[in-house]
Amino acid sequence: MRINGATELYGIMGNPVVHSLSPAMHNGAFGALGLNKVYLPFGVQDVARAMTGLRALGIKGVSVTIPHKQAVMAHLDSLDPVAEKIGAVNTLVINNNAIHGANTDWLGANRALSEKINLQGASVLLLGAGGSARAIGFGLLEAGASLTIASRTQEKGQDLAKLLGCSWLPLAEADNITADILVNATSLGMAPQQELSPIAREALANFQVVMDIVYAPLATRLLQEAGQAGCQTVNGLAMLLYQGAAQFELWTGLQAPVEVMRQSLLTSLGCNP
Ligand code: NDP
């Protein structure tokens, strides 16, 4: 990568961002297409001042991650309607000082699942009621799927179910449900607690496709057991990759080099030789 006076600047804004895989993924993509662009980590505490800084410095595009996905919304010039419904922004596109907010998390999840199953008319059991579950839930409804949410904390789960117009049940009852698709959007199974799984092994035969959005480790206990139960599996890299590919396309108008981005992510996760 050669940086010069015409290099355009992109980045990720969050707190912390030190472990983010996005710089490797996006710089890999920029490099593969020979684009004079660079993507950097921005550890941000003060969102309002950061947004002023993005405009002042002429930064072209930014990924937004925890804990700023809601806070940035107060500082936008325009907002994508689906991001507005989701109530969270993970992508900023900046043109002539005007900041547009979008959400590609739901696109990433839908594309990852669509490689295995048609979402139109599919039934989905979605585990979790946090930020990711919210984006994934809205996205699945956009795609024509029907949804049930199961989560640990009743009030939070019921609030999300009400917002999405679907039913809710306690996570402990997820073992009794049958659906086409199971999505784990809790952090259960994430290192260092990789021995945990959100649902009993015996219940996995109730699903055709099981997607885990946890990506560290990639082969979670849930996915290992789902594979053994004969389910098709989708790991957390797929959503991460495809939400990034959608960001790349919003920023550049070019088709994202998905295979290059996948390899960059795998290398960052220590999965490539
Ligand atoms: P949030 O903190 O917003 O939500 C976490 C969810 O997990 C909540 O519903 C919470 O339950 C549930 N949870 C956490 N611990 C437990 C537990 N011990 N038992 C039962 N439920 C539990 O996090 P995010 O939605 O942002 O992220 C969730 C996971 O997804 C993380 O592992 C993250 O790394 C991963 N992720 C992956 C992405 C990808 O692209 N692949 C993108 C974003 C995140 P409760 O409702 O009770 O609080």
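Order of listing sets the numbers, starting from 1, for every ligand and every atom in it. All values reported here derive from a predicted model rather than from experimental measurement.
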Looking at atom 23 (O) of ligand 1, tell me if a protein heavy atom falls under 4.0 Å from it.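 Given the 4.0 Å limit, the answer for atom 23 (O) of ligand 1 is no, no protein heavy atom qualifies.
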
Please check if a non-hydrogen protein atom sits closer than 4.0 Å to atom 41 (N) of ligand 1.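 At least one protein heavy atom is under 4.0 Å away.
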
What protein heavy atom lies closest to [atom]? Include the residue and the distance to one decimal.
| atom | result |
| --- | --- |
| atom 9 (O) of ligand 1 | Ala129 N, 2.9 Å |
| atom 29 (C) of ligand 1 | Thr186 O, 3.7 Å |
| atom 48 (O) of ligand 1 | Lys156 NZ, 2.7 Å |
| atom 27 (O) of ligand 1 | Ser132 OG, 3.5 Å |
| atom 16 (C) of ligand 1 | Arg152 NH1, 3.3 Å |
| atom 28 (C) of ligand 1 | Ala185 O, 3.7 Å |
| atom 19 (N) of ligand 1 | Leu188 CD1, 3.5 Å |
| atom 37 (C) of ligand 1 | Ile213 O, 3.1 Å |

With a 4.5 Å heavy-atom cut-off, do Cys231 and Val209 have their side chains touching?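 No. Closest side-chain heavy atoms not under 4.5 Å.
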
Taking the side chain as C-beta and beyond, is there a heavy-atom pair between Met51 and Leu76 under 4.5 Å?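 They are in contact (side-chain heavy atoms under 4.5 Å apart), so the answer is yes.
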
Could you list the atoms of ligand 1 found under 4.0 angstrom from a heavy atom of [X]?
| X | result |
| --- | --- |
| Ser187 | 7 (O), 14 (C), 15 (N), 31 (C), 32 (O) |
| Gly128 | 9 (O) |
| Val214 | 32 (O) |

With no hydrogens and no angle check, is any side-chain donor or acceptor of [X] less than 3.5 Å from a backbone partner on [Y]?
| X | Y | answer |
| --- | --- | --- |
| Asn103 | Ala88 | yes |
| Arg134 | Ala129 | no |
| Asn27 | Tyr39 | yes |
| His68 | Val44 | yes |
| Gln194 | Gly189 | no |

Would one find an N or O of Ala133, backbone or side chain, under 3.5 Å from an N or O of ligand 1?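 Min N/O separation from ligand 1 is not below 3.5 Å for Ala133.
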
Between ligand 1 and Met190, is the shortest N or O to N or O distance under 3.5 Å?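 Between Met190 and ligand 1, no N or O pair is found under 3.5 Å apart.
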
In a table with atom names and distances, give each donor-acceptor pair under 3.5 Å that connects a side chain of residues 172-180 to protein atoms at least two apart or in another chain.
residue	atom	partner	partner atom	Å
Asp175	OD1	Ala200	N	3.2
Asp180	OD1	Gln208	NE2	3.3
Asp180	OD2	Ser123	N	2.9
Asp180	OD2	Ser123	OG	3.2

Could you see which bit of Ile66 sits under 4.0 Å from ligand 1, with heavy atoms only: side chain, backbone, both or neither?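 Contact part for Ile66 vs ligand 1: side chain (C-beta onward).
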
Does one side chain, of Arg111 or Gln243, offer a donor that lies under 3.5 Å from an acceptor on the other?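 Side-chain D/A pair, Arg111 to Gln243: absent.
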
Regarding Glu8 and Asn36, is there a side-chain donor-to-acceptor distance under 3.5 Å anywhere?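 No, Asn36 and Glu8 have no side-chain donor paired with an acceptor closer than 3.5 Å.
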
Indicate every side-chain donor-acceptor pair of residues 142-160 with a distance under 3.5 Å to a residue at least two apart or in another chain.
residue	atom	partner	partner atom	Å
Glu142	OE2	Lys85	NZ	3.0
Ser151	OG	Trp168	NE1	2.9

When you measure from atom 47 (O) of ligand 1 to each heavy atom in Leu196, Thr153, Leu171, Leu126, which option holds the nearest one?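 The option holding the nearest heavy atom is Thr153.
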
